[in-house]
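Read the structure below first, then the notes.
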2 protein chains.
Amino acid sequence: MKPVDRREQDRLKTRTAILDATEEIMRKEGYAAVTSRRVAERAGLKSQLVHYHFGTMDELFQEAYRRNDKRFFDKYVKAIIAREPLRKIWELSSSHEGMDLVAEYLSAANHRKILRDEIVQTWSRFRALYISGIEKHYEDNNIDAGDFTPGVMAFLIIAIGGTLANERGLGFSEGHEEIIGFMEALLNKPRGNDRINRLS
Amino acid sequence: MKPVDRREQDRLKTRTAILDATEEIMRKEGYAAVTSRRVAERAGLKSQLVHYHFGTMDELFQEAYRRNDKRFFDKYVKAIIAREPLRKIWELSSSHEGMDLVAEYLSAANHRKILRDEIVQTWSRFRALYISGIEKHYEDNNIDAGDFTPGVMAFLIIAIGGTLANERGLGFSEGHEEIIGFMEALLNKPRGNDRINRLS
DNA sequence: GTCTATAGGCCGATAGAC
DNA sequence: GTCTATCGGCCTATAGAC
């Protein structure tokens, strides 16, 4: 048991409530709806407390982003370690949860420089994680990647997963089953055959 | 020569200036920076004129979107008619110009319902255009698409082009050359061979 | 840590003179 | 069509009492 200061506990509770409210608003109404007043209202607090705990709104966004990022990175690392890293990466990247927030933070980054720098860093880290997971998958299963190098596969998964999320956000799903079927086939393709992965 | 009313000319000139300013701000500072005051300032007008000519901001966004959409659709239709539709579609979708605005409108759509409906419509129309262009390419060159059906190719091009644009916007370009090389190979793949396009 | 109060700013939109 | 004037609203952030 770590030493639990009652004051520290309360402090964390309030901070968590604020971050939760921030995330919820961002998810449901978009980042532009994240204002100190709205966040406070949803958390059952006064808006000034948002500033007391997080300073400027920039800092609030930053900390909310970091918390989300940390969660996801940990989740993805576990997926990489699991038995079928490639499939798990695809499942996570094409799933609803999380990917919608990524798009929202990406939009917000246009107007908040700090957030942009933050995103670039984690984006790079995630890309490297994806690639290493895919490399591992290829090695473990003795697959000759052919044209579908780990870098290409990583980009494809990110691009397709992100676009699926964007279009779902619009309420548009034409061709989704088709592209998902394609990815399934790509992920399930026979192993140890250097012919089928080559484009020329 | 069509009848040119001097008043009508002036009216169009002002409207065009406002729409140009709107687009410029959206491109450089993001959609959130598009306010009646800022638009007017950049166009050398008073903010009230924005309302006079376009009514609400929703309507301004809508008309700016439509103008942009019309331009692009015409451009793409010409590309489809051209000699190498598939390659042209890829070039347009992966190019800088235009694709950044798409992302911005997509973000804006989260908070402006009218814009969302508008985007869904044109998104669907563009998807159909892509697919028909790719079908034509396959037929003209006697290509057996295999797993890379027109729907899959269209989605891939949109997803990869859009992601490239997003990442470029962040100042992030790791792996871009690699994925572009992959697409080049995919577009150049030998024709009339039903083997190399199959995943299994 | 949480409250009240408040400064100071930008926003959308309208009314009415010219 | 374009101007001046202006209302009402929501925002970030800070100061100071408790």
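Computed from heavy atoms alone, side chains included, the values below leave out hydrogens, waters and symmetry copies. Proteins get letters first, then strands, A, B, ... in listed order; numbering begins at 1 in each.
In this entry the distance linking CZ of Arg15(A) with C1' of dG1(C) reads 13 Å, nearest Å. As rounded to whole Å, 16 Å separates atom C1' of dC11(C) from atom CD of Glu29(B). Across the protein-nucleic acid pair, Asp58(B) atom CG and dC11(C) atom P stand 17 Å apart, rounded to whole Å. Atom C1' of nucleotide dC10(C) and atom CD of Glu41(B) are separated by 12 Å, given to the nearest angstrom. We find that NE2 of His111(B) is positioned 15 Å from P of dG12(C), with the value rounded to whole Å. For the pair Glu59(B) CD and dG12(C) P, the interatomic distance rounds to 14 Å; values are reported in whole Å. Across the protein-nucleic acid pair, Lys13(A) atom NZ and dG1(C) atom C1' stand 14 Å apart, rounded to whole Å. A straight line from CE of Met57(A) to P of dC10(D) spans 16 Å, rounded to a whole angstrom.
Proximity of Thr35(B) to the phosphate of dC10(C): no side-chain N or O atom is located under 4.0 Å from OP1 or OP2. A close approach under 4.0 Å does occur between a side-chain nitrogen or oxygen of His51(B) and OP1 or OP2 of dA13(C).
Thr14(A) comes within 4.0 angstrom of sugar-phosphate atoms only, judged by non-hydrogen atoms across all strands, and of no base. Among the atoms of the strands shown, only primed sugar atoms or phosphate atoms (P, OP1, OP2) are found under 4.0 Å from some heavy atom of Thr56(A). If you check every strand for non-hydrogen atoms under 4.0 Å, Arg38(B) touches sugar and phosphate atoms only.
Figure legend: cation-pi geometry between Lys75(A) and Phe72(A), with NZ or CZ positioned under 6.0 Å from the six-membered ring centre and within 45° of its axis.
Shown here are the salt bridge (Lys or Arg N to Asp or Glu O under 4.0 Å) partners of Glu29(B), two or more places apart in sequence or in another chain: Arg38(B), Arg42(B).
Heavy atoms of other residues, nucleotides or ligands lying less than 6.0 angstrom from NZ of Lys136(A) number more than 12. Other residues, nucleotides and ligands contribute only 12 or fewer heavy atoms inside 6.0 Å of the CD atom of Gln121(A).
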Enumerate, atom names and distances included, each donor-acceptor pair closer than 3.5 Å involving a side-chain atom of residues 157-170 of chain A, sequence neighbours excluded.
{"from": "Thr163(A)", "atom 1": "OG1", "to": "Ala159(A)", "atom 2": "O", "distance (Å)": "2.7"}
{"from": "Glu167(A)", "atom 1": "OE1", "to": "His176(A)", "atom 2": "NE2", "distance (Å)": "2.7"}
{"from": "Glu167(A)", "atom 1": "OE1", "to": "Arg127(B)", "atom 2": "NH2", "distance (Å)": "3.2"}
{"from": "Glu167(A)", "atom 1": "OE2", "to": "Trp123(B)", "atom 2": "NE1", "distance (Å)": "2.7"}
{"from": "Glu167(A)", "atom 1": "OE2", "to": "Arg127(B)", "atom 2": "NH2", "distance (Å)": "2.3"}
{"from": "Arg168(A)", "atom 1": "NH2", "to": "Ser94(A)", "atom 2": "O", "distance (Å)": "3.0"}

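Among dA13(C), dG1(D), dG1(C), the nucleotide with an atom closest to any side-chain atom of Arg11(A) is dG1(C). In this structure, the nucleotide among dG1(D), dT14(C), dT2(C) sitting nearest to the side chain of His53(B) is dG1(D).
Neither side chain, Arg116(A) nor Asn110(A), offers a donor N or O lying under 3.5 Å from an acceptor on the other.
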Would you list the protein and nucleotides 3-7 of chain C atom pairs, both N or O, that sit under 3.5 Å from each other?
{"from": "dA5(C)", "atom 1": "N6", "to": "Gln48(A)", "atom 2": "NE2", "distance (Å)": "2.5"}

Next on the checklist: Using side chain to side chain donor-acceptor pair (under 3.5 Å), reason through Ser107(B) and Tyr31(A) one step at a time and then give a plain yes or no.
Outcome noted: CA-CA 10 Å; Ser107(B) 304; Tyr31(A) 81 92; over 6 Å; no
